[in-house]
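I have placed the structure first, in the form of C-alpha cells, so that the comments after it can refer back to it.
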Amino acid sequence: MSGEELIRREVIENFTFPGKLVEEILYGSGHINDTFRLAFETEQGRKRYILQRMNKSIFHKPVELMENIVGVTSWLRKKILANGGDADRETLNIVLARDGRPYYLDSAGDYWRAYLFIEGASCYDKVEKREDFYQSAVAFGHFQGLLADYPAKTLHETIMNFHNTASRLDDFKAAVLRDTCGYAGDVQREIRFVLEREHLAYVLGEMQAEKKLPLRVTHNDTKLNNIMIDDKTGKAICVIDLDTVMPGLAVNDFGDSIRFGASTGDEDERDLAKVSCDMELFELYTKGFVEGCAGSLTDEELDMLPIGAMVMTYECGMRFLADHLDGDVYFKTHREGHNLDRCRTQFKLVADMEKKLSAMNAIVDKYRQRER
Ligand code: ADP
Ligand code: MG
Ligand code: MG
C-alpha cells in the first residue's frame, strides 16, 4: 500500500462508517478539497458516503470551519424535517469521527470530514441551460430563507473581512502605493475607476452598521456545481460545499452570483464589447432567489440587491487590479496581464450595471410584489 492509501485506511477506520468497505473512488470535480466516494456493505444494504480531505492551504481554521458546518447543517436538518422534507437529501449530513468530533486529524496533519452521499442527484459544472441558473438561484435563496432566523453572529469568520469592501479598498490603495512592479502608471484609468466609486465600498457596511441590513448566514461560493439537482425532477434539492459559510449580508451571495453568472462574457474576456450584464439572466436569478427566500428578505435587502451586485463586482475587480499591481501573487494567472484583463471585465460590468440600475430595480420590484 502507498503512503496515501495507508493514510486513507487510517482515516476511514476513524470515522463511524457502518459495515464493510466495498468501494473507494476519487470523486467529483471540485477544485478545493480532495473528495472520495465510499461504499459500505451493511445489513440494510449498500450505503455511500463522501470523504473529504480539507484543503489546508486555503482553510486555516478547520476546527472553526467545521463548527460552522455543524451549526448550519443541524439547523437545516431540523427545519427540513419540520417541513416534512427528506433531510438525508436536502442538506449535507455530517458523519462523526469515532471520537465524536465532526472531523478527523490524520497522522500526516490533514483534516478530514465525511458526509452522507446524496443519492439520485447530480452536480453540473457549467450552466448549460438558463434553467440551471434559475435552479441555483432557487437553491441559494431557499438556503438563505431556511437560515433567516439562524443566529448568524455565532458563526466564525473563518476568512477575515471576506466581503468587507471597505477593507478591500484599503488593501487596494496600499497596493497602488507599493506599486511593486511599477505598473501603476499604465493602469491609471482603472485606478481612477475605483477611486471615483469609493461610495460603493462603504454603502453596505454603513447600512449594516445602521441595522438597515441584517447579518445573515452566507454561503460565499454560490457556483452551480455547489448545488445538487435531482436526477428525476431536474429541481435543485440541496446546497453543498459549506466551507465558506460565514456571517455576512444576503446581498453578498446574490451579488456574487450575478457577477459571475449573468455576465455575457467570460471573466477574463479581452474583447470588452462582449461583456455586459445579461438582463434576462439577471431577471431569472432575481426571480429564483426571491422565490427561494420566500418572504424572508427585508425591504431594504430587496432594495439593495442590484447595488449588491454592483458592489460585489466592483470589489472583485479591485482585487484583480490589486493582484496585478502586486505581481499576481494571489490569483492564479495563465498569461501576461491576466489579472488586469479580469479587472477590466469586472469594471465593464460595473459600468454596465450603472446604466441598467433602474431596469434592475424594476425587476426586483416585480418579484417583490409577487412574494408579498
Ligand atoms: P470543493 O470545495 O472541492 O468544490 P465540494 O464539497 O463541492 O468540494 O465537493 C466536490 C464534489 O463532490 C461536488 O461538486 C459534488 O459533485 C460531490 N459531493 C460533495 N458532497 C456530496 C454529497 N454529500 N453527496 C454527493 N456528492 C457530493
Ligand atoms: Mg464545490
Ligand atoms: Mg469549495
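Keep in mind that the numbers below use all heavy atoms, side chains included, and drop hydrogens, waters and symmetry copies. Indexing begins at 1, ligand by ligand and atom by atom, following the structure's order.
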Subject >> Nitrogen or oxygen of N33 less than 3.5 angstrom from that of ligand 1 >> reply: yes
Original post:
With side chains defined as the heavy atoms from C-beta onward, is the minimum distance between K223 and H31 less than 4.5 Å?
Top reply: no
**OP:** Carefully, step by step, assess I363 and M279 under the rule side-chain contact (heavy atoms from CB on, under 4.5 Å).
**Re:** CA-CA 9 Å; I363 289 169; M279 291 303 277; 3.9 Å; yes
Original post:
Can you list the ligand 1 atoms lying under 4.0 Å from a non-hydrogen atom of L92?
Top reply: 23 (N)
**OP:** Quick one: look up the protein heavy atom nearest atom 20 (N) of ligand 1 and list residue, atom name and how far away it is.
**Re:** I50 CG1, 3.9 Å
Original post:
So which heavy atom in the protein is nearest atom 23 (N) of ligand 1, and how far is it from that ligand atom?
Top reply: L116 O, 3.0 Å
**OP:** Write out the residue and atom name of the closest protein heavy atom to atom 6 (O) of ligand 1, then the distance separating them to 0.1 Å.
**Re:** Q52 NE2, 2.9 Å
Original post:
Can an N, O or S atom be found in N226 less than 2.8 Å away from the Mg ion (ligand 2)?
Top reply: yes
Original post:
Among Y49, F117, Y115, F36, whose heavy atom sits nearest atom 26 (N) of ligand 1?
Top reply: F117
**OP:** If you have a sec, work out which protein heavy atom is nearest atom 19 (C) of ligand 1 and how many Å separate them, to one decimal?
**Re:** I240 CD1, 3.8 Å
Original post:
Which residue holds the protein heavy atom closest to atom 24 (N) of ligand 1, what is that atom called, and what is the gap in Å?
Top reply: I118 N, 2.9 Å
Subject >> Side-chain touch H219/V239, heavy atoms, less than 4.5 angstrom >> reply: yes
Original post:
Out of I94, T35, N93, V95, which residue meets the side chain to side chain contact (heavy atoms under 4.5 Å, CB included) rule with Y115?
Top reply: I94
**OP:** Of all the heavy-atom pairs spanning I191 and A184, show the shortest one and how long it is.
**Re:** CD1-O, 3.8 Å
**OP:** Examine M228 against ligand 1 and note whether any of their N/O atoms are separated by less than 3.5 Å.
**Re:** no
**OP:** Starting from atom 4 (O) of ligand 1, locate the nearest protein heavy atom and write down its residue, its atom name and how far away it is, to 0.1 Å.
**Re:** D241 OD2, 3.1 Å
**OP:** Please could you name the atoms of ligand 1 that H31 approaches to less than 4.0 Å, counting only its heavy atoms?
**Re:** 3 (O), 4 (O)
**OP:** Please confirm whether R113 makes a cation-pi placement over Y103, using NZ or CZ under 6.0 Å from the six-membered ring centre and within 45° of the ring normal.
**Re:** no
Original post:
Quick one: do the D268 and H338 side chains pair a donor with an acceptor below 3.5 Å?
Top reply: yes
Original post:
So which heavy atom in the protein is nearest atom 16 (O) of ligand 1, and how far is it from that ligand atom?
Top reply: C123 SG, 3.5 Å
Original post:
When F17 is tested against each of F36, Y104, F40 for ring-ring contact (aromatic ring centres under 6.0 Å, His included), which residue passes?
Top reply: F40
**OP:** May I ask you to check whether N226 has an N/O atom sitting below 3.5 Å from an N/O atom of ligand 1?
**Re:** yes
Subject >> Intermediate values then yes/no, side-chain contact (heavy atoms from CB on, under 4.5 Å), V11 and F15 >> reply: CA-CA 7 Å; V11 171; F15 276 97; 3.8 Å; yes
Subject >> Protein residue, atom and distance nearest to atom 10 (C) of ligand 1, heavy-atom basis >> reply: T35 OG1, 3.7 Å
Original post:
Is Y150 reachable from I240 through a run of I, L, V, M, F, W or Y residues, each pair having side-chain heavy atoms under 4.5 Å apart?
Top reply: yes
Original post:
Does the separation of the ring centres of Y27 and F117 fall below 6.0 angstrom?
Top reply: yes
Original post:
Does D241 bring an N, O or S atom to within less than 2.8 Å of the Mg ion (ligand 3)?
Top reply: yes
Original post:
Hey, does G28 come in under 3.5 Å of ligand 1, counting only N/O atoms on both sides?
Top reply: no
Original post:
With a cut-off of 4.0 Å, which atoms of ligand 1 are near a heavy atom of N225?
Top reply: 14 (O)
